> 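Sharing a structure below in structure tokens format, with a few things to ask.
Letters A, B, ... are given to chains in the order of the sequence lines, protein chains preceding strands, and every chain is numbered from 1. Bear in mind that the values here come from a model prediction, so they are computed numbers and not experimental data.
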Number of protein chains: 2
Amino acid sequence: MSLTDPPRDFQSLQQLIAERAQDLPKRLAQVAGYALGNPDEIAFGTAASIAEASSVQPSTLVRFAQSLGFQGFSDLQDVFRSRLRERVLSYDERLSHLRADDKAHKASLMFAGFAEAAEHSIRELRLRLDGDKLEEAVKLLAKAETIYLVGLRRSFPISSYMSYAFGKLGVKNQLIGATGGLAAEDVSFATPQDVIMAISFTPYASETVKLTQSAHGRGVPVVSITDSAFSPLAPVSKLWFEVTESHFEGFRSLSATLALAMTFTVAVAERRSASKG
Amino acid sequence: MSLTDPPRDFQSLQQLIAERAQDLPKRLAQVAGYALGNPDEIAFGTAASIAEASSVQPSTLVRFAQSLGFQGFSDLQDVFRSRLRERVLSYDERLSHLRADDKAHKASLMFAGFAEAAEHSIRELRLRLDGDKLEEAVKLLAKAETIYLVGLRRSFPISSYMSYAFGKLGVKNQLIGATGGLAAEDVSFATPQDVIMAISFTPYASETVKLTQSAHGRGVPVVSITDSAFSPLAPVSKLWFEVTESHFEGFRSLSATLALAMTFTVAVAERRSASKG
DNA sequence: CGCGCTGTGGAATAAACGTTCTATTGGTCT
DNA sequence: AGACCAATAGAACGTTTATTCCACAGCGCG
């Protein structure tokens with residue numbers, strides 16, 4: 001039996017179990033492994049059900065708990081349950097809370113809606129983003145002589161952010177559309193040694209599409225962020241990323257796109273400095 | 001006893017309880033109220049502990065469950081437990097998962113970090129945003145003849161987004177700093193009937209501060225988004241909003257600011273169209 | 001080889017569990 | 001006022017629970 005006090009929060013307990021798991025006796029190690037892999041089962045199950053699931057005797061569970069300093073199995077179980085008590089609300093729950101708050105101000109509700117849309121978009125992209133493709137795109141952009149940033153209208157905040165960040169990080173780039181109507185001329189300088197980073201969502205700004213298509217025709221590689229496989233950017237892109245932003249009252253979030261844009265800028269800059277210096 | 005099948009997901013169950021709560025007998029309504037207010041207790045507690053907490057007999061809990069179509073209390077309890085099983089991970093858990101994923105690509109990790117920072121920023125602002133102040137700012141902006149948008153460097157994506165959205169929504173606005181170095185002149189046209197919307201974070205772009213201060217000196221009301229009470233924008237603002245963005249590898253998120261900016265644009269446009277006709 | 005120790009399985013135990021049953025209440029019709 | 005019925009409280013039920021206890025297996029050491 002351990003002399004030290006057992007941890008009372010799940011985080012520490014998890015760590016403790018992971019540490020001790022190796023030099024624990026066979027059956028206790030078995031329990032440790034099961035506990036780390038199935039915390040919800042420990043929280044909800046009974047000693048008997050957990051014992052069966054982890055191929056162990058109920059008494060082993062008690063010994064396991066005691067070896068960690070707990071008084072018994074139930075004592076340890078409480079910690080697993082506390083984790084679930086302290087959880088954040090799920091997406092659906094929050095939305096219904098939102099609707100229920102009728103007394104709040106209209107503007108506050110609106111903010112909650114936009115915040116919700118932003119969080120949801122980010123969560124979605126997190127699940128869908130292809131790590132290999134991302135890595136490849138970073139490689140391609142890092143090799144580019146100049147990165148041309150094409151993003152107008154709703155996508156302009158993104159392209160302008162990238163331009164600012166690239167500039168700060170010492171990555172040569174050209175922001176298109178910032179200064180009047182010279183966009184077409186600016187992009188016409190792009191060569192196959194450069195890369196076009198195009199950002200466009202429904203309804204695709206015609207100028208963005210046109211510029212990207214013509215550059216692609218001249219052999220300039222294109223990396224794009226867009227919202228579906230039917231985007232006119234997809235067929236002319238060497239690599240393209242699908243970002244589906246949630247909307248609130250018809251206004252689409254930009255948060256997921258922005259997070260992806262930040263990733264590009266920082267990852268590209270880091271890869272460059274790594275290869276150069 | 002109900003003849004219909006009881007709901008198997010928490011969402012539907014919650015709704016069902018809320019609906020029936022009113023025309024339920026006294027003691028059962030008492031349980032319904034407790035269940036809606038303390039779902040976690042129902043999930044983890046025993047019939048005895050819940051009965052005591054809601055000042056009811058254990059048998060009442062069984063009758064309550066049966067009146068909803070469940071076979072018994074345990075049957076109903078399962079639904080409350082399922083909710084906790086399906087929960088999303090908490091912030092701390094996600095961060096540690098992030099660190100644990102050493103095998104993943106560097107760029108993917110980076111994206112996860114930026115996504116995390118964005119989500120965290122939004123969650124923070126949600127807690128801190130003052131609904132009354134927000135409502136007041138929307139009122140002020142809605143009355144403005146022209147809204148001058150002042151945001152340079154890192155804040156430029158925000159001000160340019162607002163300009164685009166205001167334009168779409170038919171709200172007269174002037175984006176500062178978009179076209180070369182004429183910023184000072186543009187703002188000099190602002191009158192006390194207009195409003196300056198200034199956005200600036202550490203290190204505060206000197207031009208943003210200068211323009212805002214001079215406009216304030218001429219009696220133009222200022223609404224600003226900034227990151228602390230020590231911001232040079234705070235003392236010259238009629239209303240200012242504190243947004244503290246989380247960062248990853250030194251790069252601050254913009255997501256919370258963006259969500260707030262979207263709220264301003266849509267809320268102001270809506271208020272205008274409501275007052276005009 | 002035998003001693004002692006740790007780890008383990010499984011029976012034993014008492015407490016706590018959810019459920020059922022029944023007497024009683026409280027209120028609404030006739 | 002009396003009869004009826006739904007709703008309730010609380011005791012009683014059998015079951016399941018976590019825990020304890022004990023016998024035995026494995027193993028290193030003297």
> Both A:Ser49 and A:Arg63 contact DNA chain D. Taking the nearest nucleotide for each, which residue is further toward the 5' end?
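Taking each residue's closest nucleotide, the earlier one in sequence belongs to A:Ser49.
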
> Is the base of D:dG10 touched by the side chain of B:Ser59 through a donor-acceptor pair closer than 3.5 angstrom?
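It does, because a donor-acceptor pair links the side chain of B:Ser59 to the base of D:dG10 below 3.5 Å.
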
> Tell me the interatomic distance from A:Lys26, atom NZ, to C:dT8, atom P, rounded to whole angstroms.
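The answer, rounded to whole Å, is 8 Å.
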
> Of the options D:dT8, C:dT8, C:dT19, whose atoms approach the side-chain atoms of B:Pro25 most closely?
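The listed nucleotide nearest to B:Pro25's side chain is D:dT8.
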
> Using atom CD of B:Gln30 as one end and atom C1' of D:dA9 as the other, report the distance to the nearest whole Å.
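Those two atoms, CD and C1', are 13 Å apart.
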
> To the nearest angstrom, how far is A:Arg81 atom CZ from D:dA18 atom C1'?
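In whole Å, D:dA18 C1' and A:Arg81 CZ are 12 Å from each other.
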
> Answer yes if the side chains of A:Asp227 and A:Thr244 hold a donor-acceptor pair under 3.5 Å, and no otherwise.
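No donor-acceptor contact under 3.5 Å links the two side chains.
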
> Whether the side chain of B:Thr46 and the base of C:dG18 hold a donor-acceptor pair under 3.5 Å is what I'd like checked.
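Result: no qualifying N/O pair found.
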
> Just the rounded figure in Å: distance from P of D:dT15 to CZ of B:Phe73.
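Those two atoms, CZ and P, are 21 Å apart.
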
> Is a salt bridge present between B:Arg83 and B:Asp40, judged by a nitrogen-to-oxygen distance below 4.0 Å?
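Result for this pair is yes, salt bridge flagged.
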
> Does B:Glu242 come within less than 4.0 Å of B:Lys133, counting only side-chain N to carboxylate O?
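B:Lys133 and B:Glu242: not salt-bridged.
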
> Round to the nearest Å and state the distance from B:Gln57 atom CD to C:dT22 atom P.
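After rounding, the gap between these two atoms is 18 Å.
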
> Please confirm whether the shortest side-chain N or O distance from B:Thr60 to OP1 or OP2 of D:dA7 is below 4.0 Å.
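The answer is no; no side-chain N or O of B:Thr60 sits under 4.0 Å from OP1 or OP2.
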
> Should the pair B:Glu135-B:Lys139 be classified as a salt bridge under the 4.0 Å nitrogen-to-oxygen rule?
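Here B:Glu135 does not pair with B:Lys139 in a salt bridge, since their nearest N and O are not under 4.0 Å apart.
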
> Could you tell me how far apart B:Phe44 (CZ) and C:dC17 (P) are, to the nearest whole angstrom?
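My rounded result for the distance is 16 Å.
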
> Taking atom C1' of C:dT19 as reference, at what distance in whole Å does atom CD of B:Gln71 sit?
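In whole Å, C:dT19 C1' and B:Gln71 CD are 11 Å from each other.
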
> How long is the line joining CG of B:Leu61 and C1' of D:dG10, in whole Å?
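Atom-to-atom, B:Leu61 to D:dG10, this comes out as 14 Å.
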
> Between C:dT8, D:dA18, C:dT19, which nucleotide gets closest to the side-chain atoms of A:Arg27?
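Given the options C:dT8, D:dA18, C:dT19, the side chain of A:Arg27 is closest to C:dT8.
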
> Could you check whether A:Phe44 and B:Phe44 have their ring centres less than 6.0 Å apart?
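Under 6.0 Å, so yes.
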
